[in-house]
2 protein chains.
Amino acid sequence: MDNNSKKTVSIKDVAKRAGVSIASVSRVVNDNPKHVSKKTRALVQQAISELNYSPNRIGRALRAQTSDSLALIISNIQNSFYAAVAWELESKLNETGTAMLLFNSNEDPQLQDRFLEEIKSRRVGGIFMLCAVESEGLRETVKSFPTIFLNRPIPSIPDVSYIGIDDYAAARELATSMLANGQGRLAILHGPRSSETSSRRLKGVLDTCNDRGYQISEDDLFEAELSMESGYQGASELLGERNYKAVFCGNDQIAYGVFRRCRELGLAVPGDIRIYGFDDNPLNEWLAPWLNTVRVPHVAYAENAVQQMKKLTRGGDTRQLILPYDLVIRA
Amino acid sequence: MDNNSKKTVSIKDVAKRAGVSIASVSRVVNDNPKHVSKKTRALVQQAISELNYSPNRIGRALRAQTSDSLALIISNIQNSFYAAVAWELESKLNETGTAMLLFNSNEDPQLQDRFLEEIKSRRVGGIFMLCAVESEGLRETVKSFPTIFLNRPIPSIPDVSYIGIDDYAAARELATSMLANGQGRLAILHGPRSSETSSRRLKGVLDTCNDRGYQISEDDLFEAELSMESGYQGASELLGERNYKAVFCGNDQIAYGVFRRCRELGLAVPGDIRIYGFDDNPLNEWLAPWLNTVRVPHVAYAENAVQQMKKLTRGGDTRQLILPYDLVIRA
DNA sequence: TGTCAAACTGTAAACGTTTACGGAATTGAT
DNA sequence: ATCAATTCCGTAAACGTTTACAGTTTGACA
């Protein structure tokens, strides 16, 4: 049809083609309810479709001082539970025409701060922090920028929007189920104490053991990173000589690592040893029928997160949201 | 220190503070090598750090007619191999200060086209298509926009940058290993014929079987979607009465579904039945020691993709890249 | 000291929008 | 036909940059 499809077409081109001013075109595009006659509207729409015009978001963003996109910073790109949350967020956001910028902080405060700067300079509408790490830039950011913390709060940064579960209670429940399941020595591969989520989970387990009169010695503890490799390493150190009947892991990733080590040691799961994790990555249902864990509601995370973000950007108040979890006992 | 941290600080503020023109500030910021004296440079840098200025990317993007961000459209957000590719891309891109927009087309041409429009209107620098689906908008897009196809080519859209492996050859190798492993009936749960990748894999297996004199009947074939659910469903239909010794799956996701069904049927893997997949999701190493598969080099995908994208945006030529794969025989 | 080139710096335009403002056209009532 | 009240529409400014261009300073050299 049109052979001039060389340059990108702007609002000016449409205006010229329709024989009206750019203001009118803008009004039509933005459906500014009144203030534009039927005739002009028709003319403009004609021109728009003839030229195949679509508004330049950059121009818009500059004018509006905000681009309709949001950022997600993940602390660990390998963790497939986090991935699942990211995916859910993506769906929810793109349903509403909001694009999602993705960053992986790798639990590194420096990197996280760099990304925060990046993000702000892009005039993004808001930030989701999926397991934030404490950092100076973050402390500044939350003051002036819509920010939502997911799954992991930062105690030293209070009064901020947060969505999570009651990790302490969940850990207690899981531990209770674990202890009910027969007697035997217990290993604990908890996550980093610097992570509030991990600490709460650890405390839940320890308190429960205490309550039941179970003695946990220092030797049965291992502070793992939230990764499969670290779980494997921890299992290598703890398992072997000692005869553990169950191992509690700070999250599922750690549990995967433990599982691998058990396989190598010829330990049957759950025959010889039971494994308990945390998060319930959706893949478990298919690949890890041996894993007992706590199902963290990642779909609800995403739903509530975008909803809360909408409120925040409209100037709403910050809010703490504690969602329900489920115990998943598979073996 | 400064109490005026209410408004966002622009280049003008810096200029005023330093007592120079905005042009000079811009030159300093962009390290325009010469053309700015030591003294002004110092003044400006001083002002920048005092005001904590960071350039507004939107303004930049408008001026430059391109924002330093790239988009990734994934066909299926659930597929953890695709996720792994996305993660790798993210790392590589954010290393160079390029942000990544993420979209999930869900194998839906309409949605894909909507995203393509979105993306172009954001003046993104280029697009990675991780398993594209055929669509009108895509055909138009590749003509005027740096686009790289990953893992799945679209035969009707030739002469475009592509990075993948030789699926046919890989399938032949895998099938050879499968057949060498003893005699027995064979099930094939291949991916959608509409996907070129899936078709090639299927052809590779069938040709190999033919060459060895193996008869594959129509009854042993099942066209699955590239999902665990579909693999499960296919396994439900095929396995059971018939006594298969091995099953070839179009990708790992399908294999996971098959595995679950085998478990339900009480079939030992690999004792009773061997499972072959394709892609080698990194989690396999930890969770699926029973899975034989083809390792698609997702890290190399990402590396080559960003490199090729750089070339493209500098006006380089499109290029087809066929990378080496590995056979992974675990059981 | 005067001249000239080179180095530096500022002005202003441009990128594509949205929107306040005021002028023009239409409408409806008389 | 006149006037007031609406409704519509265009002009221009603003958002934050980069950069061509022209103007100014500097420094070397005669």
Side-chain angles (χ1 to χ4, degrees), chain A residues 7-45 47-48 51-69 97 117-125, chain B residues 7-45 47-48 51-69 97 117-125:
Chain A
K7 282 287 300 164
T8 131
V9 27
S10 84
I11 201 174
K12 264 190 214 137
D13 305 314
V14 179
K16 196 165 299 174
R17 175 81 156 224
V20 303
S21 77
I22 60 171
S24 293
V25 177
S26 174
R27 284 190 271 255
V28 170
V29 169
N30 295 32
D31 245 359
N32 214 321
K34 293 288 149 205
H35 295 292
V36 45
S37 71
K38 281 219 173 355
K39 194 169 48 151
T40 1
R41 182 176 303 267
L43 244 49
V44 170
Q45 274 162 347
I48 285 181
L51 295 175
N52 190 23
Y53 165 75
S54 94
N56 180 328
R57 301 252 184 184
I58 302 280
R60 261 193 193 165
L62 182 58
R63 173 69 220 243
Q65 286 298 64
T66 171
S67 74
D68 45 2
S69 44
E117 279 312 313
E118 270 278 326
I119 288 168
K120 285 187 276 185
S121 79
R122 282 173 200 272
R123 294 296 182 273
V124 158
Chain B
K7 283 287 297 166
T8 129
V9 27
S10 85
I11 200 174
K12 264 190 215 134
D13 305 313
V14 178
K16 196 166 300 173
R17 175 82 155 224
V20 303
S21 78
I22 60 171
S24 293
V25 177
S26 174
R27 285 189 269 253
V28 170
V29 168
N30 296 35
D31 244 359
N32 214 319
K34 292 289 149 206
H35 295 293
V36 43
S37 71
K38 281 220 174 353
K39 192 169 52 155
T40 357
R41 182 176 303 266
L43 246 49
V44 170
Q45 273 163 346
I48 285 181
L51 296 175
N52 191 21
Y53 164 75
S54 95
N56 180 328
R57 300 250 184 187
I58 302 281
R60 261 193 194 166
L62 182 58
R63 173 68 221 246
Q65 287 298 64
T66 171
S67 74
D68 44 2
S69 44
E117 279 311 314
E118 271 278 326
I119 287 167
K120 283 186 278 185
S121 80
R122 283 172 200 274
R123 295 297 183 273
V124 158

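Hydrogens, waters and symmetry mates play no part in the numbers below; they use all other heavy atoms, side chains included. To find a chain, count down the sequence lines: A is the first, B the second, and so on, and within it residues start at 1.
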What's the shortest heavy-atom distance between B:Gln65 and A:Asn56, and which atoms?
OE1-ND2, 4.2 Å
Where is the tightest heavy-atom contact between B:Gly125 and B:Thr66, given as atom of each residue plus distance?
CA-OG1, 4.2 Å
If you measure from CG on B:Leu51 to CD1 on B:Ile11, what distance do you get to the nearest 0.5 Å?
12.0 Å
Any donor and acceptor pair, going by atom type alone, linking the side chain of A:Ser121 with main-chain N or O of B:Arg57 inside 3.5 Å?
no
Residues at least two apart in sequence or cross-chain that pass salt bridge (Lys or Arg N to Asp or Glu O under 4.0 Å) with B:Arg122, listed by chain then number, are A:Asp68, B:Glu118
Given protein heavy atoms under 4.0 Å, the one-letter contact record of nucleotides 10-17 of chain C, with B base, S sugar-phosphate only and - none, is simply BB-BBBBB
